[in-house]
Amino acid sequence: SSPFLSSFMDAVANHIVRLCKAMQHDHIPRVLDIGCNNGEQLLAFRELGCDVIGVEPSSSLATVASSRGLEVHNVAFDSDLASALLREHGLLDVVVSTFTLDQIDDPLSFLRGIANVLRPEVGLVVLEVHDIDVTYQTKEVALFDREHSIYPDRDSFGVLLRLAGLEIIETNFLPDALCRENSLLVVAKHAADLETFSTDTANVRDLSGHQEAFGNITAGIDNLTAF
(Lines give C-alpha, C1' and ligand atoms only; values in the text may rest on other atoms or scores of the structure.)
Protein backbone atom coordinates (compact mmCIF):
# COMPACT_ATOMS: atom_id res chain seq x y z
CA SER A 1 0.00 0.00 0.00
CA SER A 2 0.99 3.65 -0.30
CA PRO A 3 2.86 5.44 2.51
CA PHE A 4 -0.20 7.66 3.01
CA LEU A 5 -2.56 4.70 3.38
CA SER A 6 -0.17 2.95 5.76
CA SER A 7 0.02 6.10 7.90
CA PHE A 8 -3.78 6.34 7.93
CA MET A 9 -4.21 2.72 9.01
CA ASP A 10 -1.50 2.98 11.67
CA ALA A 11 -3.17 6.12 13.07
CA VAL A 12 -6.59 4.42 13.19
CA ALA A 13 -5.17 1.37 14.95
CA ASN A 14 -3.22 3.42 17.49
CA HIS A 15 -6.21 5.61 18.34
CA ILE A 16 -8.62 2.70 18.76
CA VAL A 17 -6.21 0.61 20.83
CA ARG A 18 -5.68 3.59 23.16
CA LEU A 19 -9.45 3.82 23.63
CA CYS A 20 -9.70 0.09 24.30
CA LYS A 21 -6.92 0.16 26.88
CA ALA A 22 -8.54 3.10 28.65
CA MET A 23 -11.71 1.05 29.10
CA GLN A 24 -10.25 -2.45 29.51
CA HIS A 25 -6.87 -2.46 31.23
CA ASP A 26 -4.61 -5.45 30.42
CA HIS A 27 -7.19 -6.87 28.03
CA ILE A 28 -6.03 -7.96 24.57
CA PRO A 29 -8.52 -6.49 22.07
CA ARG A 30 -10.05 -8.84 19.53
CA VAL A 31 -10.52 -6.96 16.24
CA LEU A 32 -12.68 -7.85 13.23
CA ASP A 33 -12.18 -6.02 9.92
CA ILE A 34 -15.12 -6.43 7.53
CA GLY A 35 -13.93 -5.82 3.99
CA CYS A 36 -10.31 -6.26 5.06
CA ASN A 37 -8.92 -6.09 1.52
CA ASN A 38 -5.27 -7.24 1.59
CA GLY A 39 -5.13 -7.23 5.39
CA GLU A 40 -3.14 -4.02 5.83
CA GLN A 41 -5.41 -2.60 8.54
CA LEU A 42 -5.40 -5.89 10.44
CA LEU A 43 -1.60 -5.95 10.38
CA ALA A 44 -1.56 -2.49 11.98
CA PHE A 45 -3.76 -3.79 14.81
CA ARG A 46 -1.76 -7.01 15.13
CA GLU A 47 1.48 -5.06 15.53
CA LEU A 48 -0.12 -3.40 18.57
CA GLY A 49 -0.78 -6.78 20.17
CA CYS A 50 -4.40 -7.34 19.10
CA ASP A 51 -5.99 -10.61 18.07
CA VAL A 52 -7.29 -10.03 14.54
CA ILE A 53 -9.85 -11.59 12.20
CA GLY A 54 -10.71 -10.55 8.65
CA VAL A 55 -13.71 -10.87 6.38
CA GLU A 56 -13.16 -10.33 2.65
CA PRO A 57 -15.57 -11.51 -0.09
CA SER A 58 -12.99 -11.11 -2.88
CA SER A 59 -11.13 -14.41 -3.30
CA SER A 60 -7.99 -12.78 -4.67
CA LEU A 61 -7.75 -10.23 -1.86
CA ALA A 62 -8.59 -12.83 0.80
CA THR A 63 -5.76 -15.00 -0.55
CA VAL A 64 -3.30 -12.11 -0.24
CA ALA A 65 -4.43 -11.34 3.31
CA SER A 66 -4.25 -15.02 4.31
CA SER A 67 -0.73 -15.26 2.90
CA ARG A 68 0.30 -12.64 5.46
CA GLY A 69 -0.60 -15.00 8.28
CA LEU A 70 -4.07 -13.58 8.93
CA GLU A 71 -7.28 -15.45 9.68
CA VAL A 72 -9.58 -14.36 6.85
CA HIS A 73 -13.09 -15.57 6.05
CA ASN A 74 -13.63 -15.42 2.27
CA VAL A 75 -17.36 -14.66 2.44
CA ALA A 76 -19.67 -11.68 2.79
CA PHE A 77 -20.55 -10.63 6.32
CA ASP A 78 -24.06 -11.76 7.26
CA SER A 79 -25.99 -13.20 10.20
CA ASP A 80 -24.67 -16.71 9.58
CA LEU A 81 -21.08 -15.56 9.70
CA ALA A 82 -21.82 -13.41 12.75
CA SER A 83 -23.15 -16.49 14.56
CA ALA A 84 -20.10 -18.53 13.53
CA LEU A 85 -17.72 -15.83 14.75
CA LEU A 86 -19.52 -15.67 18.09
CA ARG A 87 -19.23 -19.42 18.52
CA GLU A 88 -15.53 -19.46 17.62
CA HIS A 89 -14.27 -16.21 19.13
CA GLY A 90 -16.93 -14.85 21.47
CA LEU A 91 -17.88 -11.18 21.56
CA LEU A 92 -15.52 -8.76 19.82
CA ASP A 93 -13.88 -5.63 21.20
CA VAL A 94 -13.53 -3.77 17.90
CA VAL A 95 -15.23 -4.04 14.52
CA VAL A 96 -13.74 -2.04 11.65
CA SER A 97 -15.31 -1.49 8.25
CA THR A 98 -13.97 1.27 5.99
CA PHE A 99 -15.57 2.32 2.69
CA THR A 100 -17.70 -0.84 2.76
CA LEU A 101 -20.98 0.00 4.49
CA ASP A 102 -22.15 2.46 1.82
CA GLN A 103 -21.87 -0.30 -0.81
CA ILE A 104 -24.01 -2.81 1.13
CA ASP A 105 -27.53 -3.45 -0.19
CA ASP A 106 -29.02 -3.56 3.31
CA PRO A 107 -26.82 -1.34 5.52
CA LEU A 108 -29.19 -1.50 8.49
CA SER A 109 -29.06 -5.30 8.69
CA PHE A 110 -25.28 -5.09 8.26
CA LEU A 111 -25.00 -2.72 11.23
CA ARG A 112 -27.32 -4.82 13.35
CA GLY A 113 -25.09 -7.81 12.64
CA ILE A 114 -22.10 -5.82 13.87
CA ALA A 115 -23.99 -4.79 17.01
CA ASN A 116 -24.74 -8.46 17.72
CA VAL A 117 -21.06 -9.47 17.79
CA LEU A 118 -19.85 -6.41 19.71
CA ARG A 119 -18.96 -6.56 23.40
CA PRO A 120 -21.54 -4.61 25.45
CA GLU A 121 -20.59 -1.20 26.90
CA VAL A 122 -16.90 -1.31 25.91
CA GLY A 123 -17.01 -2.61 22.32
CA LEU A 124 -16.15 -0.11 19.58
CA VAL A 125 -17.16 0.13 15.92
CA VAL A 126 -14.99 2.06 13.45
CA LEU A 127 -16.82 2.98 10.26
CA GLU A 128 -15.76 5.05 7.27
CA VAL A 129 -18.14 6.12 4.52
CA HIS A 130 -18.18 8.87 1.92
CA ASP A 131 -19.49 12.12 3.42
CA ILE A 132 -22.15 13.54 1.10
CA ASP A 133 -21.62 17.08 2.45
CA VAL A 134 -17.93 16.98 1.51
CA THR A 135 -18.79 15.41 -1.84
CA TYR A 136 -21.03 18.37 -2.61
CA GLN A 137 -18.27 20.79 -1.65
CA THR A 138 -15.61 19.07 -3.77
CA LYS A 139 -18.09 18.41 -6.62
CA GLU A 140 -16.74 14.89 -7.03
CA VAL A 141 -19.71 13.79 -9.14
CA ALA A 142 -17.93 10.60 -10.22
CA LEU A 143 -18.83 9.23 -6.80
CA PHE A 144 -22.44 8.92 -7.96
CA ASP A 145 -21.42 6.47 -10.70
CA ARG A 146 -20.18 3.96 -8.15
CA GLU A 147 -22.28 1.23 -6.59
CA HIS A 148 -23.33 2.99 -3.40
CA SER A 149 -26.57 2.24 -1.60
CA ILE A 150 -26.41 5.24 0.76
CA TYR A 151 -24.91 8.74 0.72
CA PRO A 152 -24.94 9.78 4.40
CA ASP A 153 -23.96 12.98 6.13
CA ARG A 154 -23.07 13.17 9.82
CA ASP A 155 -26.69 13.54 10.95
CA SER A 156 -28.28 10.86 8.78
CA PHE A 157 -25.44 8.45 9.58
CA GLY A 158 -26.14 8.98 13.27
CA VAL A 159 -29.81 8.13 12.74
CA LEU A 160 -28.92 4.95 10.82
CA LEU A 161 -26.59 3.83 13.58
CA ARG A 162 -29.21 4.49 16.25
CA LEU A 163 -31.68 2.32 14.35
CA ALA A 164 -29.09 -0.46 14.63
CA GLY A 165 -28.69 0.09 18.38
CA LEU A 166 -25.43 2.05 18.09
CA GLU A 167 -24.42 5.64 18.75
CA ILE A 168 -21.54 7.80 17.54
CA ILE A 169 -18.99 8.80 20.18
CA GLU A 170 -16.33 10.34 17.89
CA THR A 171 -16.24 11.78 14.37
CA ASN A 172 -13.23 12.43 12.13
CA PHE A 173 -10.82 11.82 14.99
CA LEU A 174 -7.64 11.97 12.88
CA PRO A 175 -5.72 15.09 11.79
CA ASP A 176 -6.81 16.41 8.39
CA ALA A 177 -3.43 15.47 6.88
CA LEU A 178 -4.15 11.80 7.57
CA CYS A 179 -7.79 11.75 6.42
CA ARG A 180 -8.90 10.33 3.09
CA GLU A 181 -10.89 12.42 0.63
CA ASN A 182 -14.66 12.69 1.20
CA SER A 183 -14.27 10.63 4.35
CA LEU A 184 -16.69 10.48 7.25
CA LEU A 185 -14.85 8.44 9.88
CA VAL A 186 -16.70 7.60 13.08
CA VAL A 187 -16.32 5.56 16.24
CA ALA A 188 -19.54 4.14 17.69
CA LYS A 189 -20.64 1.89 20.53
CA HIS A 190 -23.82 0.30 21.80
CA ALA A 191 -26.41 3.01 22.48
CA ALA A 192 -27.30 3.42 26.13
CA ASP A 193 -30.71 5.12 25.81
CA LEU A 194 -32.54 3.61 22.86
CA GLU A 195 -35.87 3.97 24.61
CA THR A 196 -35.65 7.75 24.05
CA PHE A 197 -34.95 7.43 20.34
CA SER A 198 -37.62 7.80 17.69
CA THR A 199 -37.59 8.23 13.93
CA ASP A 200 -39.86 11.26 13.77
CA THR A 201 -38.89 14.30 11.72
CA ALA A 202 -37.07 15.86 14.66
CA ASN A 203 -34.33 13.25 14.22
CA VAL A 204 -33.70 13.93 10.55
CA ARG A 205 -32.19 17.08 9.11
CA ASP A 206 -34.10 19.09 6.51
CA LEU A 207 -33.34 17.60 3.08
CA SER A 208 -33.80 20.77 1.03
CA GLY A 209 -30.06 21.42 0.91
CA HIS A 210 -29.41 17.93 -0.43
CA GLN A 211 -32.14 18.31 -3.03
CA GLU A 212 -30.71 21.62 -4.23
CA ALA A 213 -27.18 20.20 -4.44
CA PHE A 214 -28.39 17.12 -6.30
CA GLY A 215 -30.25 19.36 -8.75
CA ASN A 216 -27.06 21.33 -9.41
CA ILE A 217 -25.08 18.13 -9.97
CA THR A 218 -27.74 16.76 -12.34
CA ALA A 219 -27.79 20.02 -14.29
CA GLY A 220 -24.00 19.97 -14.55
CA ILE A 221 -24.02 16.41 -15.90
CA ASP A 222 -26.70 17.35 -18.44
CA ASN A 223 -24.67 20.37 -19.57
CA LEU A 224 -21.54 18.25 -19.95
CA THR A 225 -23.45 15.63 -21.95
CA ALA A 226 -24.89 18.29 -24.23
CA PHE A 227 -21.42 19.79 -24.74
Side-chain angles (χ1 to χ4, degrees), residues 1-58 60-74 77 85 89 91-104 110-111 114 117-119 122-131 134-135 138 140 143 146 152 154 157 161 166-189:
S1 64
S2 69
F4 170 79
L5 189 57
S6 294
S7 296
F8 167 80
M9 292 181 174
D10 287 344
V12 168
N14 275 284
H15 183 78
I16 298 304
V17 169
R18 280 197 300 270
L19 291 179
C20 287
K21 288 183 176 180
M23 293 184 291
Q24 303 183 76
H25 301 290
D26 301 323
H27 175 73
I28 298 175
R30 182 171 292 118
V31 180
L32 173 69
D33 187 357
I34 303 174
C36 69
N37 202 279
N38 64 2
E40 194 76 20
Q41 183 67 81
L42 287 174
L43 291 176
F45 277 104
R46 190 172 70 178
E47 288 179 4
L48 296 174
C50 301
D51 292 334
V52 297
I53 312 155
V55 174
E56 176 51 59
S58 165
S60 57
L61 290 172
T63 298
V64 172
S66 297
S67 72
R68 307 174 89 170
L70 298 168
E71 176 188 339
V72 179
H73 298 262
N74 181 209
F77 181 78
L85 291 171
H89 298 284
L91 291 166
L92 304 170
D93 302 289
V94 179
V95 179
V96 181
S97 189
T98 57
F99 286 153
T100 297
L101 175 66
D102 45 7
Q103 300 180 52
I104 299 295
F110 183 86
L111 289 170
I114 289 175
V117 300
L118 194 66
R119 190 181 298 277
V122 295
L124 300 174
V125 187
V126 184
L127 297 166
E128 185 179 29
V129 296
H130 291 92
D131 187 334
V134 179
T135 301
T138 59
E140 190 181 343
L143 187 65
R146 300 172 190 167
R154 168 62 174 79
F157 199 28
L161 286 165
L166 303 165
E167 63 181 350
I168 295 174
I169 60 172
E170 279 192 308
T171 305
N172 293 338
F173 50 85
L174 297 182
D176 289 344
L178 289 176
C179 292
R180 300 197 273 194
E181 290 186 1
N182 300 328
S183 170
L184 175 57
L185 184 63
V186 308
V187 181
K189 65 178 183 62

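- For the atom pair CG (N37) and CG (L5), the distance works out to 8.5 Å, reported to the nearest 0.5 Å.
- Contact of the R119 side chain with the M23 side chain is not registered, since no non-hydrogen atoms from C-beta on lie closer than 4.5 Å.
- For the pair F157 and P152, the tightest heavy-atom approach, listed with the atom from each and the gap, is CB-CB, 4.0 Å.
- S97 places none of its side-chain heavy atoms less than 4.5 Å from the side chain of F77.
- Side-chain N or O atoms of R68 include none that pairs as donor or acceptor with a backbone N or O of G39 at under 3.5 Å.
- Using modelled atom types, one side-chain atom of D102 and one backbone atom of H130 make a donor-acceptor pair closer than 3.5 Å.
- Scored by the salt bridge (charged side-chain N to carboxylate O under 4.0 Å, His left out) test, D33 finds no partners at all (sequence neighbours excluded).
- Taking each heavy atom of F110 and L101 in turn, the nearest pair found is CD2-CD1, 3.4 Å.
- Residue D131 holds its CG atom at 14.0 Å from CZ of R180, rounded to the nearest 0.5 Å.
- N172 places a side-chain N or O within 3.5 Å of a backbone atom of L185 that can act as its donor or acceptor partner.
- At a threshold of 4.5 Å between non-hydrogen side-chain atoms, the residues H89 and D51 do not count as touching.
- Proximity of a side-chain donor or acceptor of S66 to a complementary backbone N or O of T63 within less than 3.5 Å is not detected.
- Contact detail for D10 and N14: the closest heavy-atom pair is O-ND2, 2.7 Å.
- With S183 contributing its side chain and E181 its backbone, the two residues share no donor-acceptor pair below 3.5 Å.
- Remark: N182 CG to F99 CZ distance equals 7.5 Å, nearest 0.5 Å.
- The distance from the CG atom of L166 to the CG atom of L161 is 5.5 Å, given to the nearest 0.5 Å.
- The minimum heavy-atom distance between T100 and G35, with the atom names listed, is OG1-CA, 4.1 Å.
- Note that CD1 of I16 is 10.0 Å distant from SG of C50, once rounded to the nearest 0.5 Å.
- C20 and L124 get closest at one heavy-atom pair: SG-CD1, 4.1 Å.
- With hydrogens and angles disregarded, a donor-acceptor distance shorter than 3.5 Å links the side chain of Q41 to the backbone of M9.
- Note that CG of L42 and CG of L32 are 8.0 Å apart. Values are rounded to the nearest 0.5 Å.
- Taking the six-membered ring where the residue is Trp, H15 and F173 present parallel rings, their angle staying beneath 30° rather than reaching 60°.
- When side chains are defined from C-beta on, F45 counts as touching V96, because their heavy atoms get closer than 4.5 Å.
- Between the N74 side chain and the E56 main chain, a donor and an acceptor come within less than 3.5 Å of each other.
- Considering every non-hydrogen atom in both S67 and V64, the closest pair reads OG-O, 2.5 Å.
- Counting non-hydrogen atoms of neighbouring residues, nucleotides and ligands closer than 6.0 angstrom, the CD1 atom of I28 reaches no more than 12 such neighbours.
- Remark: the backbone N or O of V52 is not paired with any side-chain donor or acceptor of R46 at under 3.5 angstrom.
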